[in-house]
Structures are given as structure tokens and as C-alpha cells.
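All remarks here apply to the structure that follows.
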Amino acid sequence: MCDHYHPQSCNTPPPSDAGFTRRRFLGHGLGLVSAATTVPAFLLRAGDALAADTTMRLTSKPGVPDGRVLVVVQLSGGNDGLNTVVPFAHDEYQEARPLLRIRPEDALRIPGSDDIGLHPALTPLQEMIDARLAGIVQGVGYPNPNRSHFASMGIWHSGQVENAARATRGWIGSALDQAPDPTALDIINVGREAPLATLGKHTRSVSFENANLFRWAGRDLHSEVSDTYDAFHDQAVEAGEEDPLAFVNRTALDAQVASSRVRKAVRGGLDTPWPQSGLANQLKMVAKMIRAELPTRVYYVNMGGFDTHANQLGNHNRLMQQFGAAMQAFYQELDAAGHRSRVVSLAFSEFGRRVQQNASNGTDHGVAGPAFVFGDAVKPGLLGEHPSLRKLDKGDLVHRVDFRSLYTDILENWMKLDAATALGKKYRPAGIFRSTA
């Protein structure tokens with residue numbers, strides 16, 4: 001039985017001895033709100049809206065280029081990289097997978113390569129490569145690999161290999177902690193729980209599956225509650241004052257404004273046709289929020305189903321169709337709305353699959369696999385060398401690119417943040433961008 005991964009939630013950092021500031025307030029959320037005895041009880045029912053400061057006054061952060069957006073697409077379960085980016089001309093591949101192999105005549109060709117192609121369902125990705133909008137980083141992994149879903153995903157989320165099991169902060173949240181005044185709309189996760197990757201010491205993400213539910217529920221209780229809430233904000237004082245009630249007041253108002261902006265954005269129209277899938281629906285919401293120019297730096301979405309231990313052929317074909325079509329529609333929508341150049345996307349899976357197919361017409365947990373990058377700024381096509389099929393480690397591919405090099409490139413050359421601060425160490429950038437952004 002597999003050790004399946006489930007999204008992690010955060011533990012509130014311990015209080016510090018610093019004075020009462022917005023940063024400290026954000027770090028402690030409702031713990032501080034509930035300690036203020038003068039706060040009306042209805043505010044305590046605001047739940048996540050109060051815990052998440054969604055300040056709308058900041059649209060530009062020192063160190064982060066105004067307008068640049070990162071979208072992270074998590075492919076959960078361990079995508080079979082060998083049947084995604086296919087070494088069709090290699091005899092070792094064809095012999096290891098007599099029932100699962102992609103035949104040479106079926107593999108989609110990638111410019112510049114005579115022996116590596118794409119799964120036949122990835123025509124949209126092939127078209128994006130031809131349009132110079134997509135790149136494939138081959139053989140991404142890390143030293144001393146772990147084949148547990150939960151453990152490996154924790155490593156990818158935290159950016160730590162040795163200490164991932166004890167990590168309470170992720171690579172994205174730690175990177176955005178560098179901003180002097182973090183807001184909850186810095187990161188939006190389309191899902192139930194905030195992934196570990198999005199959690200920093202001060203940075204937290206807003207998480208929702210349905211944008212219509214991202215609002216203050218107290219307005220539905222009674223008109224008196226709603227009227228009192230509005231009157232409370234009519235007398236709001238500036239958040240810079242040292243009065244805890246001022247911070248609570250200002251933050252609640254910010255949450256109300258932010259949730260209204262998110263819901264309004266998601267109700268917006270679309271300019272292009274979209275496929276029907278879970279990933280497409282998530283990216284559709286993200287496209288609408290980007291179009292509405294929310295002050296969000298990172299969007300996080302998740303596509304599951306990649307744990308293909310049995311009967312892989314049909315299931316993986318469906319996953320490839322959905323992934324390629326959703327990514328192409330997303331960038332077509334961004335292009336139609338005039339925002340394509342602002343957005344770089346990263347798609348990753350916690351590990352690849354083993355080279356040899358198993359007895360159930362599937363593949364078991366492996367190690368290295370491809371990662372995908374999208375956008376005008378990335379180098380198109382195949383990046384780096386495919387892992388050797390002749391020099392395996394206990395039946396697994398040996399990684400060629402450390403995933404933290406990929407993070408370093410994104411943080412330093414796209415987000416303009418200090419990657420070493422987020423990852424705890426300096427790594428050489430993976431070289432995914434056409435030039436230093």
C-alpha cells in the first residue's frame with residue numbers, strides 16, 4: 001500500500017518579543033484576535049478571513065518586480081516521466097515496457113531531438129514548444145531519493161532534503177517572507193488546504209476551492225450582525241497605530257475587500273474556449289484573477305491521479321490529454337487578455353516511475369522525472385540531457401538536475417528574490433530562462 005501524500009497545514013509560529021506590528025499580527029492570526037477582549041464576538045466568526053490579512057493597498061513590493069506572476073502546477077502521485085518525455089529510439093526503453101511503451105511512430109517529435117519525443121496525447125504541449133512557450137527540464141530529482149509520496153512531496157515543498165520531515169516552512173513562503181509587509185493575497189492556492197510550499201514565517205496563502213465561499217459568513221446570519229460589522233468598519237483607524245484593536249479592525253476590512261475582489265474576478269468572462277477537467281477549471285479561475293490584476297505573486301494548483309501502479313496505459317493517456325489541453329488553454333487565455341508575458345508556470349511531480357513496467361501493467365515509484373516550465377521568458381524545447389537508461393540505480397533513473405536549482409532560477413531570475421535565503425543554501429540556477437529576466 002502506498003504512503004499517500006496529503007496537503008499539509010501550518011503550525012502557528014511561536015510569539016516573539018517584538019512590538020505589535022502588522023507582521024507580528026499576520027504571523028499569529030486568530031490567536032491574537034481572540035486575545036483582544038474588546039473585539040466583538042461576531043469578528044471571531046470571520047474565521048479564515050480574519051486570520052488572512054488581505055491588504056489591498058500594496059501593489060508593489062521591494063525586490064519583487066511589479067506584475068510578475070508564478071503559477072505552480074503540482075502533478076500529484078508521481079508522473080511517469082518516461083511515458084511523458086519518451087526516449088522512443090532507445091532499445092532499453094522499448095524492452096523494459098513491452099505493454100506500456102510508446103512506439104517510435106506514435107511519439108510526437110520535439111525540435112532539436114532525434115531520439116526523445118512526447119506522449120501522443122501531448123499535442124498541445126508540442127504546439128506550445130513550437131510557439132516557444134514551453135520547456136522541459138529533463139531528469140529532475142535530488143540526492144538520496146525517497147519513494148514515499150508524503151516524504152518526497154515534503155522535500156519538494158520545503159526545498160530541504162535532510163530536514164524535510166521537520167519542516168514547517170516552504171520554499172515559496174520563505175522566499176516571499178523577504179517582502180517587508182506580506183499580505184495573504186501574495187499567494188492563492190486553489191484547493192482546500194494550504195500546501196507546505198506556500199507557508200513561511202510570516203507569509204500565508206489564501207486557499208479555496210470555490211471562490212464564492214471565500215467571504216465573511218457572518219453576513220448570512222442576520223441583518224443586525226451585518227449592519228454592526230459595517231458600522232464597526234466605518235470607524236476604522238489606521239493600521240499603523242499601536243492599538244491591537246486598530247489592527248483587527250483594519251485587517252477585517254482588508255479581508256472583506258479582498259474576498260469581494262476575488263469573487264468579482266472569478267465571475268469575469270473568458271475570451272477563449274476551455275477544455276473540461278479539474279486542472280482546467282482551476283487554471284480558468286487563476287486566469288480570471290490574473291486578468292483582474294489582483295496583487296498576487298504566486299498561484300498554486302493541483303492535479304492528482306498520477307499514481308499509476310495498475311492499468312496505466314488508458315489512465316495516463318487521459319492525464320496527458322488533460323494536462324496539455326489545460327496548460328495550452330491557460331496561456332491562450334492569458335494571451336487574449338494581454339497578460340501572457342507576465343506569467344511563468346512550473347509543473348512538477350514528486351518523483352517519476354521505475355523504468356521496468358510491473359506485473360499489473362503499470363509502473364511503480366521511481367526517482368527522477370521531467371519538470372515543465374511555461375511562458376514567454378523560458379527557453380523552449382528540451383533542456384539538459386535525458387537520464388541514462390544504461391546507468392541505472394537499482395532500476396531507477398539517476399537525476400541530472402537538482403530541483404533546488406530549478407527553484408533558484410525561478411526565484412532569482414523571475415521573482416528577483418534571494419533563493420539562498422529561502423532554500424538555506426546557494427544552488428546554481430538550472431538555466432531555464434532565455435536570458436536573465
Side-chain angles (χ1 to χ4, degrees), residues 2-10 48 69-81 84 125 140 148-159 164 167 170-173 184 186-199 203-211 213-214 262 266 274-290 296-308 315-316 318-331 343-353 365 369-374 403 406-407 410:
C2 297
D3 179 11
H4 290 287
Y5 167 79
H6 299 281
Q8 301 184 37
S9 58
C10 65
D48 291 343
V69 174
L70 171 65
V71 177
V72 179
V73 181
Q74 177 175 307
L75 307 177
S76 297
N79 177 41
D80 182 10
T84 303
L125 181 56
V140 183
S148 157
H149 290 295
F150 186 87
S152 189
M153 194 63 84
I155 288 169
W156 276 82
H157 277 226
S158 66
W171 71 280
I172 298 171
D186 280 341
I187 309 172
I188 290 181
N189 169 61
V190 183
R192 291 185 180 182
E193 296 183 66
L196 174 62
T198 66
L199 307 181
T203 304
R204 296 289 186 269
S205 65
V206 166
S207 294
F208 54 81
E209 289 183 298
N210 184 338
L213 300 181
F214 175 45
V262 168
V266 172
W274 279 76
Q276 294 298 316
S277 70
L279 178 61
N281 290 337
Q282 293 176 65
L283 289 174
K284 189 186 302 183
M285 280 199 289
V286 172
K288 290 180 178 182
M289 289 185 281
I290 291 173
T296 302
R297 302 303 180 190
V298 180
Y299 293 92
Y300 204 103
V301 299
N302 181 31
M303 178 182 181
F306 287 91
D307 198 20
T308 51
N315 290 331
H316 196 247
R318 173 182 53 82
L319 293 167
M320 293 294 95
Q321 287 178 332
Q322 293 179 357
F323 172 61
M327 295 308 304
Q328 185 178 51
F330 179 55
Y331 273 88
V343 183
V344 162
S345 300
L346 165 68
F348 79 97
S349 196
E350 67 264 40
F351 44 63
R353 316 295 291 189
H365 299 176
F372 306 86
V373 289
F374 301 87
F403 75 100
L406 193 54
Y407 290 172
I410 290 170

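Model, not experiment: these values are computed from the prediction.
Between the R192 side chain and the E209 main chain, no donor and acceptor come within less than 3.5 Å of each other. At distances below 3.5 Å, not a single donor-acceptor pair connects side-chain atoms of Y407 with backbone N or O atoms of I172. Side chain of Q74 to backbone of V301: no donor-acceptor contact under 3.5 angstrom is found. No donor-acceptor distance shorter than 3.5 angstrom exists from the side chain of S158 to the backbone of A164, with no hydrogens or angles considered.
Side-chain contact between I188 and M289 is present, with at least one heavy-atom pair separated by less than 4.5 Å. L199 is listed as a side-chain neighbour of R204, based on a closest heavy-atom distance under 4.5 Å. Under the 4.5 Å side-chain criterion, counting only non-hydrogen atoms from C-beta, F403 is in contact with I155.
The minimum heavy-atom distance between V190 and M285, with the atom names listed, is CG1-CE, 3.3 Å. Contact record, S349 with L75: OG-O, 2.6 Å, taken as the closest heavy-atom pair. The minimum heavy-atom distance between T198 and I187, with the atom names listed, is O-CD1, 3.5 Å. Of all the heavy atoms in Q276 and N281, the pair that sits closest is OE1-OD1, 4.3 Å. Between F208 and V262, the shortest heavy-atom contact is CZ-CG1, 3.6 Å. Nearest heavy-atom pair across M153 and F348 is SD-CE1, 3.7 Å.
Once rounded to the nearest 0.5 Å, the distance linking NE2 of H316 with OG1 of T84 reads 3.5 Å. With values rounded to the nearest 0.5 angstrom, S205 atom OG is found 12.5 Å from Y299 atom OH. Atom NZ in K284 sits 11.5 Å away from atom CD in Q282 (nearest 0.5 Å). We find the CZ-CG distance between F330 and L279 to be 10.0 Å, quoted to the nearest 0.5 Å. Annotation: the span from L319 atom CG to N315 atom CG amounts to 6.5 Å, rounded to 0.5 Å. Taking OH of Y331 as the start and CG of L283 as the end, the distance is 9.5 Å to the nearest 0.5 Å.
Ring orientation note: the planes of H365 and H149 are nearly perpendicular, at an angle over 60° on the 30°/60° scale.
Applying side chain to side chain donor-acceptor pair (under 3.5 Å) to R353 and the options N79, D80, D307 leaves one that passes, D307.
Every residue meeting the ring-ring contact (aromatic ring centres under 6.0 Å, His included) condition with F372, not counting sequence neighbours, appears here in chain and number order: F323. Take A280 and apply the side chain to side chain contact (heavy atoms under 4.5 Å, CB included) test, not counting sequence neighbours, and it matches W274, P275, S277, A326.
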What do the steps show when you test W156 against L196 for side chain to side chain contact (heavy atoms under 4.5 Å, CB included), and what is the final call? CA-CA 9 Å; W156 276 82; L196 174 62; over 6 Å; no
